[in-house]
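Here the structure comes first, spelled out in structure tokens, and everything after it is commentary.
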Amino acid sequence: MSQEESRMRITVLTVPECPNAPLAVERVTAALAGRSAAVELVEVLDQAQATELGMTGSPTVLLDGVDPFAPAGAVPSISCRLYREADGAVSGAPSVAALRAALDGAGLPETAVPGDCCEAAALDANALEADALDTDVLDTDALDAVGRGGQGRRAPAQRGLRAVQQAVLRHFAATGAAPEPDVLEPVAAAAGRSAVEVLDELAREDFLTLDAHGRIAAAYPFSAAPTRHRVRIADGAEVWSMCAIDALGIPAMLGRDVVISSTDPVTGDPVTVTTDGGTPVWEPAGAVVFVGQRPGGGPAAAVCCDALNFFTGGTTARAWADEHPEVPGHIVGQARAEEIATRTFGPLLAP
């Protein structure tokens, strides 16, 4: 048997854009600690594929095809999966200690095979710039942290959800502000519901957030309150976005050019992104985005929106990450950030 054939294969099964996939990969990497393994990311698109591959929620980690964390009676599922840690806390991925114990139990050698350490799932600066999402063997991939656990940000067409969501988004784009519920009544009435009913359901499913008075506080990608990220829409309004990825998603969603104005959280220096004919120009040229998410789950506004920011470069992004170890995440390059934004927000106004 060749050295390659004898290596353990670690498979991270995830639905597309699962916000906990980066955390799972990060912890697998930490648990390996230089030991040799072939790490692959496999996107599971439907229930049938989950059944075939043995995914019991996203993310699922398999060691040579076996899920060491599967509870008794677990059934295949494409839902979001949570893991209970030794201290009772709940997280979106197995802990490093649990993964290390599972690797030891599966017989993974304690030391790396000579010559193979660079092929293990090591996170380095170049890998963090990788654009390929469906690579067979994963070096690393900064996946979307804003896509509702892989379910996407476009509301279902049923029960007036999509129609009201799209009315809210168009109102934001035209006026820079959230619509009052009474403005949405005719749209909700077409589905036989009240605006309050539809807005409450949209909030429960994290398509938007409401304040204590039932008014719209945010409708991803827009914020009704000032944030670090200001977006000027060509032939439209000036709006606030919830995060850096949301700001980048606005031109993809509207099909219009924008000027995004933000600041580096570490230095306060400006970061701008200007699109011209759909082509973005970043200033400074070395600007990056940190994509992070606090463990534990919850609406994007609470767990990740303030952790997805523009930085003038990798140095300040790494400094911010070092200062916030409670927010696991990745630095992504410009092309990757734009791709995440387009995939997340591009379809929102489609019929």
More than 12 non-hydrogen atoms from neighbouring residues, nucleotides or ligands closer than 6.0 Å to [atom1] on [X], yes or no?
X: Asp276; atom1: CG; answer: no
X: Asp235; atom1: CG; answer: no
X: Arg232; atom1: CZ; answer: no

Under a plain distance cut-off of 3.5 Å, with no hydrogens placed, do [Y] and [X] share a side-chain donor-acceptor pair?
X: Thr263; Y: Arg228; answer: yes
X: Thr60; Y: Asp67; answer: no
X: Ser261; Y: Thr272; answer: no
X: Asp264; Y: Thr316; answer: yes

Side-chain heavy atoms nearer than 4.5 Å, only ILVMFWY residues, links allowed to pass through others: does that put [X] and [Y] together?
X: Leu62; Y: Leu53; value: yes
X: Met242; Y: Trp240; value: no
X: Val266; Y: Val327; value: yes
X: Val259; Y: Phe345; value: no
X: Leu349; Y: Phe207; value: yes

task = Tell me, please, which residues at least two apart from Glu197 pass salt bridge (charged side-chain N to carboxylate O under 4.0 Å, His left out).
result =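 Checked Glu197 against salt bridge (charged side-chain N to carboxylate O under 4.0 Å, His left out); zero matches.
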
[Y] side chain reached by [X] side chain, heavy atoms, under 4.5 Å:
X: Ile250; Y: Phe222; value: yes
X: Phe311; Y: Val288; value: yes
X: Leu208; Y: Leu210; value: yes
X: Tyr220; Y: Leu348; value: no
X: Arg27; Y: Tyr83; value: no
X: Asp46; Y: Ile78; value: no
X: Ile245; Y: Pro221; value: no

Taking every non-hydrogen atom, the tightest pair across [X] and [Y]:
X: Pro179; Y: Ile216; value: O-CD1, 3.8 Å
X: Arg343; Y: Pro16; value: NH2-CB, 4.1 Å
X: Met55; Y: Thr14; value: SD-N, 3.9 Å
X: Arg162; Y: Pro351; value: NH1-O, 3.3 Å
X: Ala247; Y: Ile260; value: O-CD1, 3.5 Å
X: Val289; Y: Ala244; value: CG1-CB, 4.1 Å

Drop me the distance from [X]'s [atom1] to [Y]'s [atom2], to the nearest 0.5 angstrom.
X: Leu13; Y: Leu41; atom1: CG; atom2: CG; result: 8.5 Å
X: Trp320; Y: Thr267; atom1: CH2; atom2: OG1; result: 14.0 Å
X: Gln166; Y: Met253; atom1: CD; atom2: CE; result: 10.0 Å
X: Ser241; Y: His229; atom1: OG; atom2: NE2; result: 5.5 Å
X: Thr344; Y: Glu17; atom1: OG1; atom2: CD; result: 4.5 Å
X: Ile340; Y: Asp246; atom1: CD1; atom2: CG; result: 11.5 Å

Under 3.5 Å, side chain of [X] to main-chain N/O of [Y], donor-acceptor pair present?
X: Arg193; Y: Arg159; result: yes
X: Glu283; Y: Thr274; result: no
X: Thr56; Y: Ala74; result: no
X: Gln334; Y: Ala285; result: yes
X: Ser262; Y: Val271; result: no

Exercise. Write out all pairs satisfying side-chain hydrogen bond (donor to acceptor under 3.5 Å, both in side chains) with one or both partners inside residues 167-180, taking only residues at least two apart or from two chains.
Key: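 For residues 167-180: His171-Thr175, Glu180-Arg215.
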
Going through the checks in order, is the side chain to side chain contact (heavy atoms under 4.5 Å, CB included) test met by Val39 and Val25?
CA-CA 9 Å; Val39 181; Val25 172; 5.6 Å; no

Worksheet item: Given Glu205 and Leu202, is the side chain to side chain contact (heavy atoms under 4.5 Å, CB included) satisfied, shown in steps?
Response: CA-CA 5 Å; Glu205 296 299 323; Leu202 287 169; over 6 Å; no

Problem set entry | Full working for side chain to side chain contact (heavy atoms under 4.5 Å, CB included) between Leu32 and Ile10 | CA-CA 10 Å; Leu32 283 169; Ile10 302 175; 3.9 Å; yes

Check your understanding: Sequence neighbours excluded, which residues qualify as ring-ring contact (aromatic ring centres under 6.0 Å, His included) partners of Trp282?
Key ->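 Applying ring-ring contact (aromatic ring centres under 6.0 Å, His included) to Trp282 gives Phe310.
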
_Consider side chain to side chain contact (heavy atoms under 4.5 Å, CB included). Of Leu23, Leu82, Asn20, which one does Ser91 pass it with?_
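That would be Leu23.
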
Go through His330 and Val291 one step at a time and tell me if the side chain to side chain contact (heavy atoms under 4.5 Å, CB included) criterion holds. CA-CA 5 Å; His330 299 300; Val291 178; 5.5 Å; no

